[in-house]
Amino acid sequence: MKYNKEYNKCVALKFKQFSNKGYALFACLGKVVLVGVLSVATLTYAKADGVSTDTDKVDSTTWKINREVVLDGVEVTGSRAPLTIGQAARMVTVLDREQVAQAPVQSVNDLLKYVAGVDVRQRAPLGAQTDISIRGGTSEQITILLNGINICDPQTGHNTFDLPIDIHDIERIEVLEGPAGRVFGTSSLVGAINIVTKMPLSSSADVHLTGGSYGYLESGGRANVKTGHWNNQLSGSYARSDGYSRSLSSNLNADYEGTKLFYQGQYADAHLRVNWHLGMRSKGWGSSTSYATPKWKADNQFEHTDKLFATVQTEIHAGDYHFLPAIYWNRFCDRYEGYRGQSDVMKYNYNRCDVYGLNLNSYFDWIGGRTAFGAEFRNEDLISGNLGEPLHTPVHIHGTDRDYTLGLNRTNLSFHVEHNILLRQFTLSAGFIAVKNTWNEMPFKIYPGMDMSYRLGEHWKLYASYNSSLRMPSFTELYYSVGGHKANKYLKPEELHAVEGGVKYFTNAITASASVFHHHSRNMIDWILDTSAEDPVWESVNHTKVNTLGFETAWMVHLQEIWSGQQFLKTFRMTYTYLDEDKQAGANIQSQYSLEYLRHKLVADIQLHLFANLDLGINYRFQDRVGNYTDLNGSVHDYKPYSLWDARLSWNAPRYTVFIEGNNLLNKHYVDYGLVPQAGHWINGGIRMEIR
């Protein structure tokens with residue numbers, strides 16, 4: 001068996017029906033096949049690259065025609081070697097561009113609330129400060145990637161989702177649940193989220209403006225120029241809000257202001273493709289009671305971050321061999337104010353972290369399948385006012401009269417090998433990653449993984465996998481001992497081993513899946529509070545062993561396929577995740593992360609076509625969290641389950657979209673973190689116009 005065969009003759013092809021298998025005709029051709037109008041709107045399929053030059057909107061009158069074909073030929077990052085969704089031996093959840101456009105959200109953070117296995121815990125609105133985790137893990141235990149490049153902040157996972165892009169820049173989002181060490185290296189302990197930006201195939205431009213509750217205003221635009229082999233795009237946006245709460249002194253304490261700027265480019269010819277991007281993000285937000293404790297009752301905190309992302313990626317291919325080197329640099333700057341604007345009361349915390357990385361990945365096809373191998377070098381360098389060990393030479397903090405006096409530097413080196421066997425009905429992907437980190441002078445350690453899938457007929461697919469991974473502690477977990485916190489610089493790295501099995505059923509009308517998984521973890525890092533202590537503080541600790549058992553199911557029904565004579569009902573989707581951990585916090589012990597997880601999460605939505613270009617989407621979310629919290633008065637409360645309703649009404653014309661959306665329509669009072677009440681009902685409206 002050999003992939004990507006060359007054909008000497010160009011023939012015009014016309015098809016009346018297509019198969020949606022990765023081994024079917026399109027995959028065998030090894031070429032790009034352009035097909036009229038294709039659109040897929042499910043969580044388990046994404047649009048094929050190059051299929052359509054205008055996939056932002058779908059006219060309801062052509063919906064049934066569009067749904068006649070499900071082409072799962074888009075490549076996803078579920079393995080080191082690129083595989084299509086149809087070939088992949090592991091289930092990858094994909095939110096495509098159409099679902100992004102339909103969701104009643106204004107940030108990537110809020111968009112991920114509608115993925116069942118993802119836990120989104122906000123301390124501030126509009127994506128200002130959000131902790132995102134997968135399958136009962138913590139925000140430190142997942143890898144966040146931008147176009148395949150790791151952008152995790154080693155200082156703290158709280159700020160990892162400070163993205164330089166907004167939802168209008170996104171082509172798709174891929175969510176890989178479960179350990180992904182052999183695919184993404186360190187920090188991908190319980191999963192990974194890869195955000196892929198879009199780059200139109202022709203020159204275009206658009207602008208958008210949104211406003212709403214609590215003084216919310218957001219505006220931005222994008223311009224793309226395509227000439228020959230070159231493609232360049234620049235986008236930017238500005239957003240602000242007064243916030244939805246006030247401190248005891250009646251000052252706004254959840255306000256927000258931020259800017260984003262993102263440039264990406266591409267050069268592509270028959271043998272070479274080079275992609276690059278440069279992103280900047282600057283924002284400041286009122287942190288309310290985000291990090292308050294019963295001992296430290298600060299209710300007017302503030303934080304400001306500046307981030308820079310720079311990447312160059314290349315793909316060189318000669319015959320069946322592909323070489324994909326990438327180099328990147330990320331800089332993260334953070335200023336935290338325990339008392340907003342009062343540095344004389346409490347000194348501000350300043351941190352600057354530089355991350356340099358070099359990825360060397362390659363793969364080749366041969367008679368035995370597809371083999372990938374490579375290496376990664378990643379250096380994380382922190383200088384700080386309160387984290388790390390004393391610096392030999394202090395570094396001045398720009399714009400202040402202070403110096404960075406502490407710091408820490410560590411390097412991660414890894415090597416990986418993976419082999420994929422792709423047969424008509426069977427896919428096997430197996431490999432390992434060997435990792436060494438200079439932080440604790442650990443020797444090279446190997447973490448293996450294996451994924452398998454088997455196709456039963458035309459509509460069924462079985463999955464099974466075993467994977468392992470590790471994560472180094474963040475700098476905050478090692479050294480943060482401020483404001484009622486006491487860190488432990490001798491924390492051990494976390495390790496996780498997981499097994500999973502699942503089944504998937506798919507037709508043009510219905511897509512369904514179910515999976516069962518078991519995670520066995522060691523040295524899980526958490527912050528705990530002993531409420532019985534005379535002077536309780538949050539301490540970073542390792543939990544010796546934690547076992548998690550989970551079940552997840554998803555259903556997607558294309559109602560226009562089932563009732564072809566009507567246009568009103570478009571799609572209905574429902575997903576559910578159940579988790580159970582065998583370790584519980586002891587008497588008088590509160591967990592801030594590892595032992596606080598969503599036992600139940602149910603997400604559902606229905607998309608309706610009202611008339612003409614008017615569409616309505618209604619979203620429902622139910623969450624039941626394990627754990628409890630202590631309020632500022634010292635009272636202990638269990639987390640209560642809650643339900644939320646969101647909706648979006650939009651008029652989708654060929655060159656513009658006008659919408660109004662509402663979140664928490666029933667004005668439910670709830671908390672994701674105990675000391676930070678969430679916003680009540682929030683209404684936004686706006687317009688987006690395209691210029692061609």
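Bear in mind the structure is a predicted one, so any value in this text is a computation, not a measurement.
- A search for side chain to side chain contact (heavy atoms under 4.5 Å, CB included) contacts involving S204 returns P200, R222, N224, not counting sequence neighbours.
- No donor-acceptor distance shorter than 3.5 angstrom exists from the side chain of H168 to the backbone of S235, with no hydrogens or angles considered.
- For D153, the salt bridge (Lys or Arg N to Asp or Glu O under 4.0 Å) partners are K307, not counting sequence neighbours.
- When the side chain to side chain contact (heavy atoms under 4.5 Å, CB included) test is applied to D306, the partners found at least two apart in sequence or on another chain are S282, H304, C333.
- Rounding to the nearest 0.5 Å gives a distance of 5.0 Å between CG of N194 and CG of L145.
- Note that CZ of R370 and CG of L422 are 6.5 Å apart. Values are rounded to the nearest 0.5 Å.
- With sequence neighbours left out, the side chain to side chain donor-acceptor pair (under 3.5 Å) criterion links H419 to T371.
- In terms of the ring-ring contact (aromatic ring centres under 6.0 Å, His included) criterion, residue partners of F262 (sequence neighbours excluded) are, by chain and number, H277.
- For R378, the salt bridge (Lys or Arg N to Asp or Glu O under 4.0 Å) partners are E380, not counting sequence neighbours.
- A side-chain donor-acceptor contact under 3.5 Å links S188 to the backbone of A180.
- Between the side chain of Q313 and the backbone N or O of N147, at least one donor-acceptor pair lies under 3.5 Å.
- Contacts of W230 classified as side chain to side chain donor-acceptor pair (under 3.5 Å), with partners at least two apart in sequence or in another chain: none.
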Legend entry - CA sep, side-chain torsions, deciding dist, call: R172, D96, salt bridge (charged side-chain N to carboxylate O under 4.0 Å, His left out): CA-CA 4 Å; R172 67 182 183 273; D96 66 16; over 6 Å; no

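- Ring geometry, H459 versus F506: the interplanar angle exceeds 60°, so the pair is classed perpendicular (tilted spans 30 to 60°).
- The closest side-chain heavy-atom distance from F309 to I151 is below 4.5 Å.
- To the nearest 0.5 Å, the span separating CD on E418 from OH on Y363 amounts to 12.0 Å.
- Considering only residues two or more places apart in sequence or on other chains, Y238 meets the side chain to side chain contact (heavy atoms under 4.5 Å, CB included) condition with R240, E257, T259.
- In this structure, the separation between CG on L649 and CD1 on I660 is 7.5 Å, given to the nearest 0.5 Å.
- Under the rule for a salt bridge (Lys or Arg N to Asp or Glu O under 4.0 Å), the partners of E661 that lie at least two apart in sequence or sit in another chain are R648.
- Residue pairs meeting the salt bridge (Lys or Arg N to Asp or Glu O under 4.0 Å) criterion with at least one member in residues 264-278, sequence neighbours excluded: R273-E315.
- Distance SG/C152 to CG/N159: 12.0 Å, rounded to 0.5 Å.
- By the 4.5 Å heavy-atom criterion applied to side chains, Q155 and F332 are not counted as neighbours.
- A donor-acceptor pair is defined here as one N or O able to donate and one able to accept, closer than 3.5 Å; such a pair exists between the side chain of S203 and the backbone of K226.
- Expressed to the nearest 0.5 Å, how far CG of N467 lies from CD1 of I433 amounts to 11.5 Å.
- Residues Y328 and N359 form a side-chain contact, since some pair of their non-hydrogen atoms from C-beta on lies under 4.5 Å apart.
- In this structure Y321 satisfies the side chain to side chain contact (heavy atoms under 4.5 Å, CB included) test together with F323, S362, F364, F373, sequence neighbours excluded.
- For the salt bridge (Lys or Arg N to Asp or Glu O under 4.0 Å) test, residues two or more places apart in sequence or in another chain that qualify with D110 are K113.
- Counting heavy atoms from C-beta outward, H322 and I316 have side chains that stay 4.5 Å or more apart.
- For the residue pair D451/S429, the side-chain donor-acceptor check at 3.5 Å is not satisfied.
- Between W651 and F611, the ring planes lie perpendicular to each other; the angle is over 60°, past the 30° to 60° tilted range.
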